[in-house]
There are 2 protein chains.
Amino acid sequence: MSRSDALDMAEVFAALGDPVRLQMLSIIAASHEVCSCNLEGPLAKSQPTISHHTRVLAEAGLIVGEKRGRWTWWRSVPERLDMASRFLEP
Amino acid sequence: MSRSDALDMAEVFAALGDPVRLQMLSIIAASHEVCSCNLEGPLAKSQPTISHHTRVLAEAGLIVGEKRGRWTWWRSVPERLDMASRFLEP
DNA sequence: CCTTTAGATTGATGGACGTCGATAAGTCTG
DNA sequence: CAGACTTATCGACGTCCATCAATCTAAAGG
């Protein structure tokens, strides 16, 4: 395993290494699309904190956001989850 | 997904969320057993740093160490890896 | 014993991270 | 346009983390 591979994969796992983001991803993956306003309640965090965590997940490639009107809609990226999953049992 | 589940899983992923620990786990999982002295070289880190990282991986349940004589032998815990893998695609 | 060796622990330090209030930027509605 | 609304960004603060030098513990060999 190369060092650059390790850096890329570590970014993904680091994004998953926070309980708030794990629950966030769990909520997003369960529905087809979720807007940020539907995360604030279940996660019991402030709006800037929610925005921070969605950003981290997005930068790790685990979710993608689409701005439609006032809302940003988030959905998970199954391929990225598969990649992380396959890394754990090759 | 409950908050306590999120906490437990997040600890596992946080342990994986460091490039040094990812390479470390990769090396350990590739062989049957690896002693700490065989990690220092490939990872290019000091001995205390290596010891710190093995401890984090062990506390997350991803590896177990057995002390035989002067050496500590580490091996991976496939069940724990499976658990994390299954979490990513249910 | 004494020395050497493997590994864990401690202490210190610089940097990264989670959190929130305040603010900015873009969007809908009246 | 004015005001309400959604999200992103900035600034600050406290905490956690990765790293290494120094030290300690335990075990093997002479």
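Just so we're on the same page: letters track the sequence lines, and every chain starts at 1. Just so you know, these numbers come straight off a predicted model, no measurement behind them.
A side chain to side chain donor-acceptor pair (under 3.5 Å) check over residues 10-21 of chain B, counting only residues at least two apart or in different chains, returns the pairs B:R21-B:H53. Pairs of residues two or more places apart, or lying in two chains, that qualify as side chain to side chain donor-acceptor pair (under 3.5 Å) and include a residue from residues 80-90 of chain A are A:D8-A:R80, A:S85-B:S85, A:S85-B:E89, A:E89-B:S85.
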inquiry  = Across nucleotides 19-26 of chain C, 5' to 3', mark each nucleotide with B, S or - according to how protein heavy atoms within less than 4.0 Å reach it.
reply    = BBBB----

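Across residues 21-41 of chain A, A:C35, A:S36, A:C37 each have a non-hydrogen atom less than 4.0 Å from an atom of DNA chain D (numbered order). Using a 4.0 Å cut-off on heavy atoms, none of the residues of residues 1-11 of chain A approach DNA chain D.
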Show me the protein contacts with nucleotides 12-15 of chain D, counting only N or O atoms at under 3.5 Å.
none

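With sequence neighbours left out, the side chain to side chain contact (heavy atoms under 4.5 Å, CB included) criterion links A:E40 to A:Q47, A:I50. Under the side chain to side chain contact (heavy atoms under 4.5 Å, CB included) criterion, A:A30 pairs with no residue, sequence neighbours left out. Residues meeting the side-chain hydrogen bond (donor to acceptor under 3.5 Å, both in side chains) test with A:T49, sequence neighbours left out: A:S46. With sequence neighbours left out, A:L7 forms a side chain to side chain contact (heavy atoms under 4.5 Å, CB included) with A:R3, B:P19. Every residue two or more places apart in sequence or in another chain that forms a side-chain hydrogen bond (donor to acceptor under 3.5 Å, both in side chains) with A:S2 is listed here: A:S4, A:D5.
Both B:W71 and A:R68 sit near DNA chain C, but only B:W71 has its closest nucleotide nearer the 5' end.
Checking A:L62, A:L43, A:V34 one by one against A:M24, the side chain to side chain contact (heavy atoms under 4.5 Å, CB included) holds for a single residue, A:L43.
Contacts of B:W74 with the nucleic acid, taken as non-hydrogen atoms under 4.0 Å apart, involve only primed sugar atoms and P, OP1 or OP2.
Counting Ile, Leu, Val, Met, Phe, Trp and Tyr side chains that sit under 4.5 Å apart, directly or through other members, B:V77 shares a hydrophobic cluster with B:V64.
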